[in-house]
Amino acid sequence: LYAMTGNNDAAYKSFGRTISQSPPYELEFNARIRQTETAGNQDHKKILRKLRRMAKSPKNKEYQSQIYYAIGNIHMSRKDTAEAIKAYETGIAEGATSGYGTGMLHLSLAKIYWETHKFSKAQENYSKALSMLGEENADYKEMKFRSEVLTEITPHTDIIEKQDELLYWATLPPDELYPIIDALIEEEKRLAELKEKEEKKMKRESGESVLDQASTAAGQEIADQESKKQWYFYNPQIVSQGIRTFKEKWGERELKDYWRFSHEISSLMAADTVAYESVVDSTAAVTDSIATDSLLATEEVAVSDSLSTDPTTREFYIQQIPVTDEQKATAHAALRDALLEAGVLFKDKANDKELSLLYLERTANEYPDHERLAKVYYQLFLACSRWGEKEKAEAIYSELANKSIEYIAWYLTLDDMKLASVYENCVRNFYMLDEINKSLMRSAELEEGDEMASSSEMALHYAKKFEELYGMFNDRVKQN
């Protein structure tokens, strides 16, 4: 009760009194685990020593998930997410293959990855947690919602994460770049060891723990009963399990016909090592380009005739770095489009103000020459309007409209030959101005009183300027 009402100090002491009474082992064990959740400012080093001793004890072999969950919670209470992640991952590798304890480990990882914008890992862990935790879990609705929206968003956020990293690496000299890559290699080795442990554990286990068997049997019974009333695809837990099993076997797949054809599998295998998979049509074309152009010209790296597929080598990472101007332009194009799409999806699908504005504003600030800038500002306008930031929305649109008017007026001062050379740019600015006017009119229709008058006045102002400038532009075009 103390823990549920947020009185952590009292809860910690109460769990301690339970332990001091020498209760049955299972009760004592659970009291120690719950005590870690309410530790607060207690001596975390002392608690961690106790938990690590518990993890080594043979009688706690079936409780590894819960112990490492507690260790991770202690690190999280200290804001040490790196160590918390390691603890949760170790719990998954050492503990049961499924069940409530493992589900809570995946849920904890998912929350960390969401907050740190590692959305692909967040989606993977939300999906696994969803298949292990029932609707009675307090976080069930949130993890179901996030798992679903991230399925659409992660293709774009993966590009953002990858291109940001590669473009940053391209600015570093070897003595700064190599330590970063070496750290990634060590992390890759650590994760490979955990994965190997998990695979051995799954082979070794002939069945589940008593608790997990009971949980699975109960869940199966409910599923059997529900299946008589409910179609397979209406059961979110079963669907989530199916998606997870599919991804474990086939990986991430685009929703399209003939996805099992061999050339599609080859493309999937190349996706992890090629930085430009979202902006090219052929994996082979990218492979040829990177193999000839993207290796750093240093004495420490030998130029190879083929791409490395081993993530425990420096070459695997170095070969992906954009070095030439053309490669950097390709990387920026992929990043620019992914930022816009992610911003729109976080607005429309996730209804997340912070993340939507983060990606949309970044698109506008970093890529002011974006050919879809009108859409960027329109989406920013919608986002700001949705979350009550009307002044900011109008300021964004006024700036873009005034720039468009300024550009068009300048274009119209050019002679006919020069005007013809910038024809497309001029048309693009007319398009922006027209979109601004339409958006303001739509906004005015949804408002009342002074706010409606303000938007209508702005819309009429830009409509008048549009008609005036467009008339002048048409006259110039007809003359030629």
Side-chain angles (χ1 to χ4, degrees), residues 48 68 71-72 75-76 78-90 92-93 109 112-122 124-125 154 157-197 269-278 286-287 289-332 334-335 338-339 358 362 366:
L48 286 173
Y68 280 102
I71 292 174
H75 288 302
M76 283 301 294
R78 307 288 299 175
K79 310 298 182 185
D80 190 346
T81 55
E83 288 301 317
I85 288 173
K86 289 180 181 179
Y88 295 141
E89 288 176 340
T90 302
I92 292 170
L109 283 172
I112 292 175
Y113 288 132
W114 175 277
E115 293 298 327
T116 55
H117 300 176
K118 304 289 185 181
F119 295 113
S120 189
K121 291 183 177 181
E124 177 186 357
N125 282 282
T154 49
T157 54
D158 284 351
I159 293 173
I160 294 169
E161 185 178 344
K162 191 68 174 178
Q163 300 303 339
D164 271 341
E165 184 176 60
L166 293 174
L167 287 166
Y168 171 65
W169 287 357
T171 67
L172 300 177
D175 61 333
E176 293 183 28
L177 173 62
Y178 292 150
I180 294 174
I181 292 177
D182 291 342
L184 288 174
I185 291 172
E186 290 304 311
E187 177 66 6
E188 186 67 29
K189 291 177 179 178
R190 184 184 73 83
L191 293 175
E193 289 178 4
L194 289 177
K195 184 177 181 181
E196 185 179 358
K197 282 184 179 180
M269 292 174 64
D272 289 337
T273 61
V274 179
Y276 314 109
E277 63 272 23
S278 65
V286 178
T287 304
S289 172
I290 295 178
T292 56
D293 297 324
S294 67
L295 292 179
L296 285 180
T298 67
E299 295 180 358
E300 298 184 43
V301 180
V303 178
S304 175
D305 292 333
S306 61
L307 292 175
S308 170
T309 58
D310 183 359
T312 61
T313 64
R314 285 181 176 177
E315 288 79 5
F316 175 81
Y317 303 93
I318 292 172
Q319 69 196 2
Q320 302 177 56
I321 300 174
V323 178
T324 68
D325 290 342
E326 183 179 357
Q327 289 173 342
K328 290 178 181 179
T330 304
H332 276 293
L335 176 59
L339 285 168
L358 171 68
R362 186 179 166 193
E366 295 184 15

Original post:
Taking atom CG of Asp164 and atom CG of Leu335, what is their separation to the nearest 0.5 Å?
Top reply: 5.0 Å
Original post:
Where is the tightest heavy-atom contact between Leu167 and Ala331, given as atom of each residue plus distance?
Top reply: CD2-CB, 3.9 Å
**OP:** Inspect the contact between Glu187 and Arg190 and indicate whether a charged nitrogen and a carboxylate oxygen are less than 4.0 angstrom apart.
**Re:** yes
Original post:
How would you list all residue pairs meeting salt bridge (charged side-chain N to carboxylate O under 4.0 Å, His left out) that involve residues 166-185, not counting sequence neighbours?
Top reply: Asp182-Arg314
Original post:
Looking at CG of Leu358 and NE2 of His117, how far apart are the two atoms once the value is rounded to the nearest 0.5 Å?
Top reply: 6.0 Å
Original post:
Using 4.0 Å as the upper bound for N to carboxylate O, is an ion pair formed by Arg78 and Glu83?
Top reply: no
Subject >> By side-chain hydrogen bond (donor to acceptor under 3.5 Å, both in side chains) - contacts of Glu161 (at least two apart) >> reply: Lys118
**OP:** Kindly compute the distance separating OH (Tyr168) from CG (Leu177), expressed to the nearest 0.5 Å.
**Re:** 9.5 Å
**OP:** Mind checking side-chain hydrogen bond (donor to acceptor under 3.5 Å, both in side chains) for Tyr317 and listing every partner two or more places apart, or none if nothing turns up?
**Re:** none
Subject >> Distance in Å, Ile159 CD1 paired with Thr154 OG1, rounded so as to fall on 0.5 Å steps >> reply: 10.0 Å
Subject >> Closest approach of Pro322 to Lys328 (non-hydrogen atoms, all atoms of both residues) >> reply: O-CE, 3.6 Å
Subject >> Carboxylate-amine/guanidinium contact Lys121 Glu124, below 4.0 Å >> reply: no
**OP:** Of all the heavy-atom pairs spanning Ala122 and Trp114, show the shortest one and how long it is.
**Re:** CB-N, 3.8 Å
Subject >> Test item: Thr330 and Gln327 side chains (from C-beta on) under 4.5 Å apart, heavy atoms >> reply: no
**OP:** Applying side-chain contact (heavy atoms from CB on, under 4.5 Å), run through Ile185 and Thr313 and close with a yes or a no.
**Re:** CA-CA 7 Å; Ile185 291 172; Thr313 64; 5.6 Å; no
Original post:
How far does OH of Tyr88 sit from CG of Asn125, to the nearest 0.5 angstrom?
Top reply: 12.0 Å
Original post:
Can you list the steps and then say if Ile318 with Tyr178 is a side-chain contact (heavy atoms from CB on, under 4.5 Å)?
Top reply: CA-CA 9 Å; Ile318 292 172; Tyr178 292 150; 3.5 Å; yes
Subject >> Least distance between heavy atoms, Ile71 atom then Ala87 atom >> reply: CG2-CB, 3.8 Å
Original post:
Are Met76 and Ile112 side-chain neighbours, meaning at least one heavy-atom pair lies under 4.5 Å?
Top reply: yes
Subject >> Over all atoms of both residues, closest heavy-atom pair of Ala84 and Gly72 >> reply: CB-O, 3.6 Å
Original post:
Just wondering, do Ile92 and Tyr68 contact through their side chains at under 4.5 Å, heavy atoms?
Top reply: no
Original post:
Got a second to check how far Leu191's CG is from Lys86's NZ, nearest 0.5 Å?
Top reply: 10.0 Å
Subject >> Taking every non-hydrogen atom, the tightest pair across Phe316 and Asp310 >> reply: CB-O, 3.0 Å
